[in-house]
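Some notes on the structure that comes next.
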Amino acid sequence: MTANTVSTCDLRLDYGTTPVLKGIDIALPAGNTLALLGPSGCGKTTLLRLIAGLLAPSFGQVWIEEELVAGNGIFLPPEKRGLGMVFQDYALWPHLSVAGNVGFPLEMRKIGKAERDRRVIEALRRVELEHLANRSPGALSGGQQQRVAIARAIVAEPRIVLFDEPLSNLDRELRENMVGELASLIRQLGLTAIYVTHDQSEAFTLADQVAIMDHGLIAQLAAPEELIEAPASAKIAEFLRLGTVANMRRTATGWAFGSAQSDHALGPDAPFGHEAQVLISPHSLQACAPEQAVLTGAVKAVQFRDNAYLADIAVTEGADNLVLQIASNSRMRLGERIGLEIVSDCLRWFPAQAGQAP
Amino acid sequence: MTANTVSTCDLRLDYGTTPVLKGIDIALPAGNTLALLGPSGCGKTTLLRLIAGLLAPSFGQVWIEEELVAGNGIFLPPEKRGLGMVFQDYALWPHLSVAGNVGFPLEMRKIGKAERDRRVIEALRRVELEHLANRSPGALSGGQQQRVAIARAIVAEPRIVLFDEPLSNLDRELRENMVGELASLIRQLGLTAIYVTHDQSEAFTLADQVAIMDHGLIAQLAAPEELIEAPASAKIAEFLRLGTVANMRRTATGWAFGSAQSDHALGPDAPFGHEAQVLISPHSLQACAPEQAVLTGAVKAVQFRDNAYLADIAVTEGADNLVLQIASNSRMRLGERIGLEIVSDCLRWFPAQAGQAP
Amino acid sequence: DVTVYTAGPASLIEKLAAGFTEESGIKVEFFQATTGKVMARIESEAANPVVDVLISASWDTATDFTARGWLLPYTSPNAKNVPDFLKSETTVAQGVSALAIAWNPNSGTPAPKEWADLAKPEYKDLVNLPDPAQSGATFELVAALEAQSGWKLFEDLAANGAIVAGANAEALNPVLQGAKAAVFGAVDYISFNGKEKGESIEVIFPESGTVIAPRPAMILNWSKNQDEAKAFIDYMLSDAGQAIIAATNLMPSRTDIAANRPLINDLNILKIDSEAVYAGRADTLASFATIFGQ
Amino acid sequence: MGAKSVQPVNPAVLLAAIGLVIVVVVPFALIVLQAIFPELGRGSLAAPFSRLAQTLGDAKLLRMTGNTMLLGLGVAALSALIAVPLAVMRSLFRVPGALVWDILMLVPFMIPPYIATLGWIMSLQPRGYLFQLFGFDLAPFLFSIWGIIFVMTLNTFPVVYFAVSRTIEAVGSRYADVARVFGASGWKAFLRITLPLSTPGLAASLLLVFAMAIEEYGTPAALGRRAGFDVLVTGIDLRVSDWPIDLPGAAILSLILVVLSFGAFLVQRWLITRRSYQTTNGKPQSFEKRELGRWKAPVVAVFALVVFLATCAPLLAILATALSRTLSGGLTWSNLGFGNFITIFSDSTGALRALSTSLGLGVTAALLTGLLGALSAYAVVKSKMRGRGVLDVLTILPNALPGIVVAVGLILAWNQPWLPITPYNTALILLLAYCCILLPQPVRYATAAFHQLGDNLEAAARVFGASPLTAFRRILLPLIFPSLLASMLLVFAVATRELVASILVAPVGMQTISTYIWRQFEQGSVGLGMAMAFITILITTLFPLVVLSLMGKRGSLL
Ligand SMILES: Nc1ncnc2c1ncn2[C@@H]1O[C@H](COP(=O)(O)OP(=O)(O)OP(=O)(O)O)[C@@H](O)[C@H]1O
Ligand SMILES: Nc1ncnc2c1ncn2[C@@H]1O[C@H](COP(=O)(O)OP(=O)(O)OP(=O)(O)O)[C@@H](O)[C@H]1O
Ligand SMILES: [Mg+2]
Ligand SMILES: [Mg+2]
């Protein structure tokens with residue numbers, strides 16, 4: 001079980017002269033799930049297409065079950081790679097019914113009619129669509145189409161499944177059910193999966209490893225906990241919305257926000273005037289009375305998030321319009337002034353850097 | 001400003017003999033944003049299409065700016081309704097460049113070339129795509145296509161914009177930026193918007209009113225806070241994932257889970273043996289040592305959510321496999337036994353009912 | 001202006017029109033096609049006809065139009081030298097063609113002299129017949145020969161591999177190229193024209209006789225340009241007009257005009273009883289078709 | 001803004017309806033009336049139905065109908081066999097010289113069928129060119145049903161080629177690629193996905209081919225008679241060319257043809273409305289043609305072979321005849337020369353005038369039928385109007401009408417004395433005839449293309465403020481343009497050489513290329529006619545080439 005089911009080596013792809021993937025290395029052991037996270041247009045779909053055999057790499061190799069399938073002048077066509085895939089745009093065949101779409105991979109595996117029908121219905125039941133088996137996919141809602149695409153990808157129980165944002169158009173309840181379904185399927189069948197998503201909780205729930213992609217490169221590849229506990233850079237921390245990244249300057253005794261002189265937080269030792277970035281996550285902050293606090297701010301916005309309110313606090317100290325987020329069980333009033341206390345051992349420090357957005 | 005910009009009255013739509021919308025009443029004052037939430041296939045897109053004039057209602061009326069635009073033998077074609085729309089499937093025109101797609105609504109308004117170019121670039125800048133203006137939409141990633149669709153919907157600054165899951169394929173960072181962009185646009189221009197989404201935080205951030213749709217009907221229409229504080233039914237509470245809905249039975253002194261006899265929670269007075277449902281949200285639970293607790297359970301799963309870990313706790317008491325969620329700043333170990341304490345005044349009680357899934 | 005509908009060679013009507021316009025200053029608009037197409041057009045236009053002068057390739061149409069009362073009686077002063085059988089109260093022939101055997105001397109077959117020669121083994125599979133259903137003259141030839149000696153000749157031809165091949169020109173082309181040796185009943189002037197151009201083709205009029213196809217010209221009684229129409233008829237029958245007709249290798253209808261080819265008086269013309277023949281047309285065509293396995 | 005009553009009439013639909021009434025309904029109605037009232041030509045409604053029994057009682061009718069069906073199905077089947085593989089290569093792969101092959105495949109349409117057939121006869125008959133060059137002939141094959149099907153297929157298969165290649169190009173390779181991910185081999189993916197998805201184009205073009213084959217006169221007349229193979233059109237032609245003219249009989253027989261093609265139409269309609277073929281949707285996927293790799297040479301060879309048979313062989317026969325001093329002289333050096341060409345160039349006024357008339361008519365007919373075809377197809381496929389089925393039926397009526405019958409219908413319609421103005425006896429009547437005869441081409445092509453378009457593309461345009469006509473012009477028309485352009489080129493090619501209807505309705509004094517050529521044949525000047533045919537084919541081929549290159553990038557869509 002240590003053999004890698006899917007791996008790539010220095011995989012590159014150019015569209016014309018524009019490089020889209022600039023050297024991707026992944027190695028996914030059998031039975032593992034890799035989640036791909038990354039900003040829009042960073043090359044996630046392209047990577048999946050390369051693995052599926054829908055594109056040939058400009059450079060580098062792809063191995064599937066220790067067999068070289070692309071690169072070095074070799075190119076194994078998609079049908080020989082034995083994959084399942086959920087396409088980002090679904091790519092349902094308009095001329096086949098829902099059942100026809102879902103049954104196709106089984107037909108290709110020469111599975112008899114009776115068995116096929118049974119498995120099609122089973123797959124449709126997993127995505128809660130068995131009642132629409134005879135519809136044309138054009139007469140389905142967006143979310144229903146997406147679920148047909150999922151059913152089609154898993155119906156033949158391929159060893160490797162590529163999911164390209166498979167749940168993006170589903171409501172949250174269904175999404176959670178589907179995540180559960182997929183997780184149990186992956187576990188039961190020992191599937192290896194690559195899972196592109198924009199939903200971190202989905203990624204962290206399903207994946208054994210998470211790859212953060214950025215501009216055609218993998219910025220960090222780690223287990224979910226590790227990613228949250230130890231993001232490799234401020235950029236990744238920001239991308240994962242783990243909290244606010246603030247620029248700090250070393251004072252004589254501690255660290256101050258921006259150009260402010262008074263201490264705001266404790267941190268690593270460094271020469272006076274040294275700059276660094278710090279990740280301040282909502283749970284490294286505690287609200288307190290504004291009078292006693294070293295840090296104060298006004299409530300700028302309040303959002304409801306999952307199970308608590310998240311308040312954006314515009315910090316008064318320092319000159320760089322810093323906004324921190326704090327979680328709270330009760331809704332704060334807009335404009336309300338509050339004090340903030342930083343729990344210093346929850347902070348993560350990064351060396352200062354120029355660019356911000358990942 | 002009390003005039004309703006968009007309203008519908010007993011709006012119904014059947015596909016063939018299947019009713020899809022069964023009587024929708026909404027009334028949206030100018031400058032307001034209505035978020036539509038609802039399970040996949042419940043009719044959200046259909047409602048937008050009716051408002052846009054892409055479908056004629058089977059029954060009922062649609063008013064736009066106090067003018068009857070559909071119903072009673074009247075039907076105003078879409079181009080006369082002056083809307084913008086983000087289609088769920090983007091509906092980009094493959095033969096036009098990105099700029100051509102975005103500029104189309106301006107062309108239809110006979111806006112001169114120079115002005116048009118300026119506004120196209122501005123709209124593209126809002127969605128961070130100005131560098132791709134000359135690409136063909138077929139050569140974009142899914143998320144980039146979606147952003148083109150957004151730019152096209154807002155470029156002409158129509159008074160009313162319909163958004164059909166406009167951010168579903170964007171990464172979280174971009175999504176939050178875009179929500180901010182849209183919110184400021186809506187505020188600045190006084191737009192009236194209907195916003196279909198599966199992301200509650202998006203809905204609650206943007207919307208003045210939220211409508212929960214279910215099977216072609218509006219189950220609840222309320223302001224975001226109200227929806228969270230006072231969901232109209234257990235079904236809605238479950239759909240919104242506000243917590244776990246548990247079946248309770250009245251004991252002599254309080255309420256017990258399922259068929260258990262000992263008290264687990266305080267609640268409204270009722271005859272002995274009476275049944276009810278209760279919503280237990282993560283913040284109505286507190287972890288405590290298992291020895292002293294009336295309620296104990298084992299950690300079944302842990303997810304990372306936004307800013308905290310959410311643990312699923314399989315409750316030991318009661319026979320009905322109850323799973324409660326509890327938020328925690330630290331990751332709990334799977335299988336760990338913990339005690340739970342219920343903060344009774346955070347509970348919401350509903351009369352017992354049969355069906356569960358919304 | 002005068003509008004002429006004509007079956008027959010385009011070059012002929014072009015030259016006649018040009019000559020007439022030059023002489024009289026009257027413009028001629030013409031429509032030229034096969035007899036069938038010309039008639040179909042007149043038939044379709046019947047509600048609002050525009051034709052003044054009609055020149056057909058089949059005398060039969062003239063008879064029929066006269067019977068329908070569509071023709072304007074007119075006898076041209078120039079028609080004096082036209083034999084009686086080529087004119088009537090309403091109609092006068094512009095020129096005459098005859099049917100003949102068109103034979104390719106390069107075909108390696110002996111020169112035929114008689115219709116019956118073409119049923120000989122030397123001509124096995126080498127004879128074309130124009131379709132009597134499509135060519136009025138061929139029909140008359142078939143009817144006349146049948147009246148003379150029954151279907152035997154045609155049965156022999158069919159047994160010898162003779163083939164029915166479309167209208168006149170279609171039947172001739174394979175003979176020119178050598179696929180066939182002879183046409184049984186070719187329209188003479190087309191073959192003469194070919195010969196003039198250097199094609200290897202001989203036109204043979206069998207001694208036993210052949211049929212002629214006079215080309216009747218007539219004025220329609222609905223014509224609004226009757227004087228011009230009459231002038232046109234006069235011109236066609238004038239020396240100049242008849243010379244143009246002779247130059248296309250048709251026989252001029254006036255007996256006093258010379259031509260570079262055998263004339264009516266040189267030919268043995270089979271007598272036919274038009275009325276009876278046309279009355280039995282459908283039967284004749286059906287028997288013919290049966291013989292040739294159509 | 002003034003609200004309108006429910007679902008206001010879409011102006012595109014209205015335009016289509018008006019156009020169809022003028023171009024199709026009027027002549028067709030008169031043909032039906034003519035079938036019923038034998039005396040209609042004389043403006044009398046006497047003796048209705050009197051010819052029906054006699055015409056339908058014809059003993060040969062059943063056999064002729066059977067033969068007609070056989071011919072139509074045979075030609076359609078063989079066309080599909082030849083055209084589909086070529087179309088697939090052309091649309092999914094980068095075939096070297098694709099545009100040149102396309103233009104060359106247009107040439108068969110520019111060769112009048114009777115000339116092409118004559119070319120084949122002169123090539124394959126005993127002592128024909130084949131014999132003169134290689135010492136054998138193929139006469140038994142040529143003068144048989146197989147020969148007829150072969151020759152007619154070579155004249156019609158490009159209809160299928162263009163339609164299917166455009167359809168598959170719109171489908172792209174994406175759907176097949178997806179099938180391959182799910183385990184289908186390349187071949188399986190083609191059979192199960194690409195081919196079914198190209199059904200709209202395939203079915204539509206096969207319908208066109210079927211209709212063209214059953215209404216074509218020249219080839220079955222020239223080749224079929226010897227094989228004892230007569231079809232309905234030869235019967236129809238006999239009735240209009242044999243005195244006494246039997247217009248009602250011809251009309252009745254053509255209605256049988258219409259019924260046959262209507263049957264084919266119903267099958268086609270069932271095929272393309274049974275399922276959805278909307279492959280062009282709002283999430284565009286760019287599609288790049290693949291390289292042929294080591295298949296390049298074989299594929300080019302196949303293209304070359306087909307083009308040689310369909311285009312070069314008849315052209316060479318035409319050229320050989322045009323260069324021959326005499327037919328009987330054969331292909332010897334001494335018999336060859338440019339005499340026929342010199343004759344044409346020395347007295348070129350008539351020819352030039354005919355040429356410009358035909359080119360003008362061809363272009364106008366292509367534009368008009370293109371527009372009307374696109375509008376009607378839109379009305380039928382995309383509008384939700386009630387009665388659009390009727391429009392669809394209207395567009396196929398002229399499909400199987402022989403040109404000569406259309407011509408009769410037009411004369412009957414437009415030569416009524418009470419009409420204040422009439423196109424009759426002007427060039428307009430030719431235009432009407434061409435539009436009526438050729439309208440089915442753009443309609444079928446556009447219908448197929450519309451079936452591939454997702455509904456939301458138009459919906460989006462409307463929402464963003466485009467009126468129905470603007471949405472049609474800016475969004476739908478460009479999206480179906482590749483198909484439409486191909487069909488308009490077909491219309492152009494056919495209209496510039498249409499003979500059968502032209503002969504009958506051409507205004508007095510006006511010649512088209514085809515009537516000009518035909519008159520040369522009539523006089524026995526085969527060589528002269530062939531020379532003229534050759535020249536006009538060259539010119540009509542150059543014309544679209546020039547237009548397409550002027551159109552730049554959009555022209556290369558072809
Ligand atoms: N053409 C059609 N014929 C029949 N039923 C249809 C058709 N189009 C949509 N439906 C059905 O109508 C219902 C509502 O569809 P709609 O697209 O409005 O759903 P939705 O709420 O937008 O869902 P989603 O969140 O998945 O996009 C669905 O159950 C769908 O299956
Ligand atoms: N045909 C093409 N030609 C040129 N560039 C392309 C083409 N297709 C995609 N791209 C570019 O390649 C990049 C990667 O695209 P890809 O679809 O892999 O992104 P992605 O990570 O899946 O994004 P998303 O989350 O938006 O789906 C994008 O910036 C896109 O613009
Ligand atoms: Mg993607
Ligand atoms: Mg939807």
Side-chain angles (χ1 to χ4, degrees), chain C residues 3-5 8-11 14 29-37 39-51 56 58 60-61 64 104 106 125 131 133-134 136 163-166 169-170 172-180 190-191 193-194 197-201 248 292-294, chain D residues 34 40-43 118 121-122 125-129 137 139 143 221-222 225-226 228 230 237-238 240-245 247 250 325-330 350 404 407-412 415-417 419 424-425 503-509 515 518-527:
Chain C
T3 303
V4 181
Y5 281 16
S11 58
E14 276 164 19
E29 300 275 19
F30 65 86
F31 167 75
Q32 182 264 332
T34 57
T35 306
K37 301 285 187 301
M39 296 307 154
R41 179 146 161 157
I42 292 179
E43 189 94 338
S44 317
E45 281 178 346
N48 186 22
V50 292
V51 52
S56 160
S58 152
D60 182 37
T61 49
D64 202 60
N104 184 342
N106 288 348
D125 293 335
D131 189 349
Q134 290 182 65
I163 272 176
V164 179
E170 274 171 77
L172 184 61
N173 280 336
V175 174
L176 294 180
Q177 211 188 19
K180 300 283 169 183
I190 297 179
S191 307
N193 284 342
K197 277 198 216 118
E199 295 287 0
S200 123
I201 194 82
T248 52
F292 285 92
Q294 282 182 301
Chain D
Q34 174 73 81
L40 188 71
R42 262 154 260 157
L118 190 58
I121 294 178
M122 298 189 52
Q125 74 182 354
R127 312 236 199 149
Y129 296 133
D137 68 67
F143 296 106
R225 184 155 290 125
R226 293 209 208 165
D230 42 9
D237 192 77
L238 205 60
V240 279
S241 51
D242 180 23
W243 188 256
I245 304 293
L247 290 185
R325 276 186 237 284
T326 63
L327 278 185
S328 41
I404 188 134
V408 168
L410 282 171
I411 299 179
L412 290 174
N415 193 39
Q416 296 300 330
L419 285 177
Y424 190 56
N425 257 326
I503 272 196
L504 206 56
V505 297
V508 285
T515 60
W518 178 78
R519 280 174 193 170
Q520 312 303 322
F521 281 106
E522 266 270 299
Q523 292 167 56
S525 312
V526 178

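Within every chain, numbering begins at 1; the chains are lettered A, B, ... in the order of the sequence lines, protein sequences first and strands thereafter.
- Gln177(C) and Ile121(D) make their closest contact through OE1-O, 4.5 Å (heavy atoms, listed as atom of the first residue, atom of the second, distance).
- In terms of heavy atoms, Gly509(D) sits closest to Glu29(C) at CA-OE1, 4.0 Å.
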- [ ] Would you please test Arg41(C) and Val508(D) for side chain to side chain contact (heavy atoms under 4.5 Å, CB included) and show each step?
- [x] CA-CA 11 Å; Arg41(C) 179 146 161 157; Val508(D) 285; 3.9 Å; yes

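- For a residue to count as touching a neighbouring chain, one of its non-hydrogen atoms must lie under 4.5 Å from one of that chain's; by this rule Ala222(D) touches chain C with backbone and side chain alike.
- Smallest separation of non-hydrogen atoms from Asn106(C) and Ser328(D): ND2-O, 4.3 Å.
- Both the backbone and the side chain of Tyr129(D) come within contact range of chain C, each with at least one heavy atom under 4.5 Å from a heavy atom of that chain.
- Atom OG1 of Thr3(C) and atom CG of Asn425(D) lie 8.0 Å apart (nearest 0.5 Å).
- With sequence neighbours left out, the salt bridge (charged side-chain N to carboxylate O under 4.0 Å, His left out) criterion links Asp60(C) to no other residue.
- For a residue to count as touching a neighbouring chain, one of its non-hydrogen atoms must lie under 4.5 Å from one of that chain's; by this rule Ser11(C) touches chain D with backbone and side chain alike.
- With contacts defined as side-chain heavy-atom distances shorter than 4.5 Å, the pair Ile404(D)/Lys37(C) qualifies.
- Highest contact tally toward chain C, considering only Gln416(D), Arg325(D), Arg519(D), Gln34(D), is held by Arg519(D) [criterion: heavy-atom pairs under 4.5 Å].
- For chain C, the nearby part of Leu238(D) is the side chain; its heavy atoms alone come within less than 4.5 Å.
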TODO: Check step by step if side chain to side chain contact (heavy atoms under 4.5 Å, CB included) holds for Thr34(C) and Trp518(D).
DONE: CA-CA 11 Å; Thr34(C) 57; Trp518(D) 178 78; 3.5 Å; yes

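- The closest donor-acceptor contact from the side chain of Glu45(C) to the backbone of Ile411(D) lies at 3.5 Å or more, if one exists at all.
- The nearest pair of heavy atoms linking Ala179(C) to Arg127(D) is N-CB, 4.2 Å.
- With rounding to the nearest 0.5 angstrom, the OG1 atom of Thr326(D) is 10.5 Å from the NZ atom of Lys197(C).
- For Glu14(C), the part lying near chain D is the side chain, with the backbone staying farther off; criterion is any non-hydrogen pair under 4.5 Å.
- If you measure heavy-atom distances from Leu410(D) to chain C, you find no contacts under 4.5 Å at all.
- For a residue to count as touching a neighbouring chain, one of its non-hydrogen atoms must lie under 4.5 Å from one of that chain's; by this rule Asp137(D) does not touch chain C.
- Highest contact tally toward chain D, considering only Val51(C), Thr35(C), Ile163(C), Asn173(C), is held by Asn173(C) [criterion: heavy-atom pairs under 4.5 Å].
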TODO: Start with the C-alpha gap between Ser44(C) and Leu247(D), add the side-chain angles, then the distance that decides, and say whether side chain to side chain contact (heavy atoms under 4.5 Å, CB included) holds.
DONE: CA-CA 8 Å; Ser44(C) 317; Leu247(D) 290 185; 3.7 Å; yes

